[in-house]
Amino acid sequence: MTDLVTLAELGGPLAVLGGAAYARHAYPAVYWSTVGLPLSVARLLASYSSTIDACGLTVEPSRWRALAVRATTRREVRPVPPRRGIIRPTSTGLRMRLRLVPGQEPADVAASAERLRHAWGVHAVHVRDVKPGVVELRLVGFDVLQQVRMPRRSDSRPLQVPVALREDATAFVRDYRTVPHELVLGATLSGKSMYLRNLVTGLAAQPVVLVGIDCKRGVELAPFASRLSALATDPDQAAELLPVLVKEMEDRYDLIKTRQGIAPGTAEELITSDIWGLPEDERPAPLVLFIDEVAELFMVATRKEEERRDEMVTQLIRLAQLGRAAGIYLEVCGQRFGAELGKGATMLRAQLTGRVCHRVNDEASAKMALGDIAPEAVQASCAIAPELPGLAVVGDTSGGWSRIRTPYLSLADAAATCRATAHLAPDLPALNPFRPFVPALPDVAPGPMATARPVPE
């Protein structure tokens, strides 16, 4: 009888522990809000001074402070840690600001991030420089890239699209005004198409001209045809479309020169202004060119195709070099992109400021994307597992990089968004001959309601 009572008494705590372990694995956000957050806050408050001291982030106190401590308390004078700000809980972790002591820099705190992570029992610690002498610690309670949930609040400015989630639980925003051109690499089933899908649907809700070149017969971009102003589905059509875009860029430069009183014969390279300095009623709509499988534009089999390739590459380089001021931006996607593609490939890649590298099949492909801007990010991109499609390493020419993951978006939902926003497509008469054909949706007779089968993760 006593044994039965003891088992009954232990059943409640064991059930609680089992439920907590299950929630930590299946519902990490719920576990963090109920269990992980209080435990981490308790660890941080109890061990802040000792942990900071063990990480070497304390300094000797000033002479006047040491004299004051000895005179008032007669206790041992201890090193001074950075002053801690208010702890701000979030749905994914904690945020806390530190005021650095004299002689410290943000790199000192960033070097101890791994030690702080283990000491306070969180998944990761990220350091951000706020202002001189102040850094922000962003403690992430769980792996937010396992189940991507975009933040509810995000900037909705023109030409800015929150397209993925960073590993520090902030949104990765594709900002064309800051990073005008981007290269996206990834092997088959790596999530490159999902990234492109989220980007197209994010721009579809803005008054932006969307143009696509998809040499896979349009299988990637054709579902968005209702929102595209032009679509080329093979190299021959691309060879006809690119000169039209170059002519559109030159017309926009003429408009800028006319408005600002610049001589008509002035070269485009000498113009430092852009379309954003024009009045709103005269400003042409920005244009984003999506190129899927860019290697197909470089491959040739005959001398005639080689001449066509050289013309297209030259036009792409011109758009990449001069298109930003005219409001023309490039999004170049492919599986590999390097010097082996042919003449002009390296020069074009040098103009693509942003870099996104999904899982690739070899280290050389990762070096093509990130080796020239962030060499330490190459190993991170090579370590992406096939079980995590959409996971990528993003970097830019500043040398900074981070891991991101794109949320899942079905092709049907993306196509429906493009159909609903088709009226927002700006009118560009020069692109009318390249406008894709959009078939009408068939009328489906109402039938009995069907129950969808659950899809396993």
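Because the structure is predicted, anything quoted here is derived from the model rather than measured.
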Q: Got a second to check how far Arg197's CZ is from Glu220's CD, nearest 0.5 Å?
A: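 With rounding to 0.5 Å, CZ (Arg197) is 7.5 Å from CD (Glu220).
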Q: For Leu189, does the CG atom have more than 12 heavy-atom neighbours from other residues, nucleotides or ligands under 6.0 Å away?
A: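 Count not over threshold, so no.
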Q: Checking the side chain of Arg355 only, and the main-chain atoms of Leu183 only, is there a donor and an acceptor separated by less than 3.5 Å?
A: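 Not confirmed, Arg355 side chain does not pair with Leu183 backbone.
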Q: Heavy atoms only: give me the nearest Cys55-Ser112 pair and the separation to one decimal.
A: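 Answer, listing the atom of Cys55 first, then Ser112: O-OG, 3.5 Å.
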Q: With a 4.5 Å limit on heavy-atom distance, are the side chains of Met194 and Leu409 in contact?
A: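 Of all side-chain heavy-atom pairs linking Leu409 with Met194, at least one is under 4.5 Å.
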Q: So do the side chains of Tyr195 and Ser190 get within less than 4.5 Å of each other, counting heavy atoms only?
A: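 Side chain of Tyr195 against side chain of Ser190, heavy atoms only: no contact under 4.5 Å found.
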Q: Return the CD1 to CZ distance between Ile384 and Arg403, rounded to the nearest 0.5 Å.
A: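 That separation rounds to 7.5 Å.
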Q: Do the non-hydrogen side-chain atoms of His358 and Val184 ever get within less than 4.5 Å of each other?
A: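 The answer is yes; the side chains approach within 4.5 Å.
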Q: Is the side chain of Arg138 donor-acceptor paired with the backbone N or O of Arg128 at a distance under 3.5 Å, no angle test?
A: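 No, the answer is negative, given that no donor and acceptor are paired below the 3.5 Å cut-off.
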Q: List the atom of Ile275, the atom of Pro284, and the distance in Å for their closest heavy-atom pair.
A: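 For Ile275 versus Pro284, the nearest heavy atoms are CD1-O, 3.7 Å.
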Q: Salt bridge (Lys or Arg N to Asp or Glu O under 4.0 Å), that's the test. Do Arg336 and Asp362 meet it? Break it down for me.
A: CA-CA 10 Å; Arg336 286 179 62 88; Asp362 56 350; 2.8 Å; yes
Q: Please examine the side chains of Trp32 and Pro89, heavy atoms only from C-beta on, and report whether any two atoms are closer than 4.5 Å.
A: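 A side-chain contact under 4.5 Å is absent here.
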Q: Okay, side chain of Thr170, backbone of Arg166: is any donor-acceptor separation there less than 3.5 Å?
A: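 No: the side chain of Thr170 does not pair with the backbone of Arg166.
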Q: Could you check Val209, Asn432, Leu287, Asp427 and say which one makes a side chain to side chain contact (heavy atoms under 4.5 Å, CB included) with Ser229?
A: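 Filter result, single survivor: Val209.
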Q: Do Arg318 and Glu250 meet the salt-bridge criterion of a basic N to acidic O distance under 4.0 Å?
A: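 Judged by the 4.0 Å cut-off on N to carboxylate O distance, Glu250 and Arg318 do form a salt bridge.
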Q: Would you say Pro207 and Leu424 make side-chain contact, with heavy atoms under 4.5 Å?
A: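 No, side chains not in contact.
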Q: Between CE of Met249 and CG of Asp254, what distance do you get to the nearest 0.5 Å?
A: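 If I round to the nearest 0.5 Å, the distance is 10.5 Å.
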Q: Starting from the C-alpha separation in whole Å, work towards a yes-or-no answer on side chain to side chain contact (heavy atoms under 4.5 Å, CB included) for Arg359 and Leu391.
A: CA-CA 7 Å; Arg359 178 180 55 82; Leu391 189 64; over 6 Å; no
Q: Supply the atom-to-atom distance Leu322 CG to Ile317 CD1, rounded to the nearest 0.5 angstrom.
A: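 One finds 11.0 Å between CG of Leu322 and CD1 of Ile317.
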Q: How about NZ on Lys247, more than 12 heavy atoms from neighbouring residues, nucleotides or ligands closer than 6.0 Å, or not?
A: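 12 or below, so no.
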Q: If you apply the rule side chain to side chain contact (heavy atoms under 4.5 Å, CB included), what do you find for Ile213 with Leu242, and how did you get there?
A: CA-CA 9 Å; Ile213 296 179; Leu242 288 175; 3.9 Å; yes
Q: Of all the heavy-atom pairs spanning Leu145 and Leu165, show the shortest one and how long it is.
A: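 So the minimum-distance heavy-atom pair works out to CD2-O, 3.4 Å.
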Q: Judged by atom type as modelled, is there a donor-acceptor pair below 3.5 Å linking the side chain of Ser33 to the main-chain atoms of Val30?
A: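 Such a contact is absent between Ser33 side chain and Val30 backbone.
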Q: Would Arg84 and Leu98 count as a side chain to side chain contact (heavy atoms under 4.5 Å, CB included) here? Give the steps.
A: CA-CA 5 Å; Arg84 174 178 55 81; Leu98 299 182; 4.2 Å; yes
Q: Under 3.5 Å, side chain of Arg419 to main-chain N/O of Phe224, donor-acceptor pair present?
A: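 Not confirmed, Arg419 side chain does not pair with Phe224 backbone.
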Q: Output yes when a side-chain donor or acceptor of Arg95 lies under 3.5 Å from a complementary backbone atom of Glu136, and no otherwise.
A: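 No.
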Q: Measuring only between side-chain heavy atoms, which start at C-beta, is Val163 closer than 4.5 Å to Ile404?
A: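 Not in contact.
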Q: Considering non-hydrogen atoms only, spot the tightest contact between His126 and Val140 and give its length.
A: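 So the minimum-distance heavy-atom pair works out to CD2-CG2, 3.9 Å.
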Q: How many angstroms lie between NE2 in His423 and CZ in Arg227, if you round to the nearest 0.5 Å?
A: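 Here the rounded value is 9.0 Å.
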Q: Looking only at non-hydrogen atoms, find the nearest pair between Trp120 and Ser40 and report the distance.
A: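 Of all heavy-atom pairs spanning Trp120 and Ser40, the closest is O-OG, 3.5 Å.
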Q: Could you check if a side-chain atom of Asp234 sits within less than 4.5 angstrom of a side-chain atom of Glu296, using non-hydrogen atoms only?
A: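 Counting from C-beta outward, Asp234 and Glu296 never come under 4.5 Å.
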Q: With rounding to the nearest 0.5 angstrom, report the OG1 to CZ distance, Thr233 to Arg217.
A: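 Reported to 0.5 Å precision, the distance equals 6.0 Å.
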Q: Can you tell me if Asp310 uses its side chain to pair, donor with acceptor, with the backbone of Glu307 under 3.5 Å?
A: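 Checked: no pair found.
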Q: Treating Gln104 as the side-chain partner and Leu57 as the backbone partner, does any N or O pair qualify as donor plus acceptor under 3.5 Å?
A: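 Pair found, side chain donor or acceptor close to backbone of Leu57.
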Q: Could you check whether any side-chain heavy atom of Val313 comes within less than 4.5 Å of a side-chain heavy atom of Leu348, counting everything from C-beta outward?
A: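 In short, these two side chains do not touch, never coming nearer than 4.5 Å.
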Q: Is the terminal nitrogen or CZ of Arg174 (NZ for Lys, CZ for Arg) located under 6.0 angstrom from the six-membered ring centre of Tyr176 and within 45° of that ring's axis?
A: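 Yes, Arg174 sits over the ring of Tyr176.
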Q: Please verify the inter-ring angle class for His181 with Tyr329; under 30° counts as parallel, over 60° as perpendicular, anything in between as tilted.
A: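 Ring orientation of His181 relative to Tyr329: tilted.
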Q: Search all heavy atoms of Glu114 against all heavy atoms of His118 and return the closest pair with its distance.
A: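 Scanning both residues, the minimum pair turns out to be O-CD2, 3.1 Å.
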Q: Spell out, as yes or no, whether a donor-acceptor pair under 3.5 Å connects the side chain of Thr201 to the backbone of Asn198.
A: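 Between the backbone of Asn198 and the side chain of Thr201 there is a qualifying donor-acceptor contact (under 3.5 Å).
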Q: Do the charged groups of Asp292 and Lys192 touch, with an N to O distance under 4.0 Å?
A: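 No salt bridge links Asp292 with Lys192.
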Q: Decide yes or no on side chain to side chain contact (heavy atoms under 4.5 Å, CB included) for Gln147 and Phe142, but give the supporting numbers first.
A: CA-CA 10 Å; Gln147 300 177 0; Phe142 55 95; over 6 Å; no
Q: Indicate yes or no for a side-chain donor-acceptor contact from Gln206 to the backbone of Leu159 under 3.5 Å, with no hydrogens or angles considered.
A: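 Side chain of Gln206 to backbone of Leu159: a pair is present.
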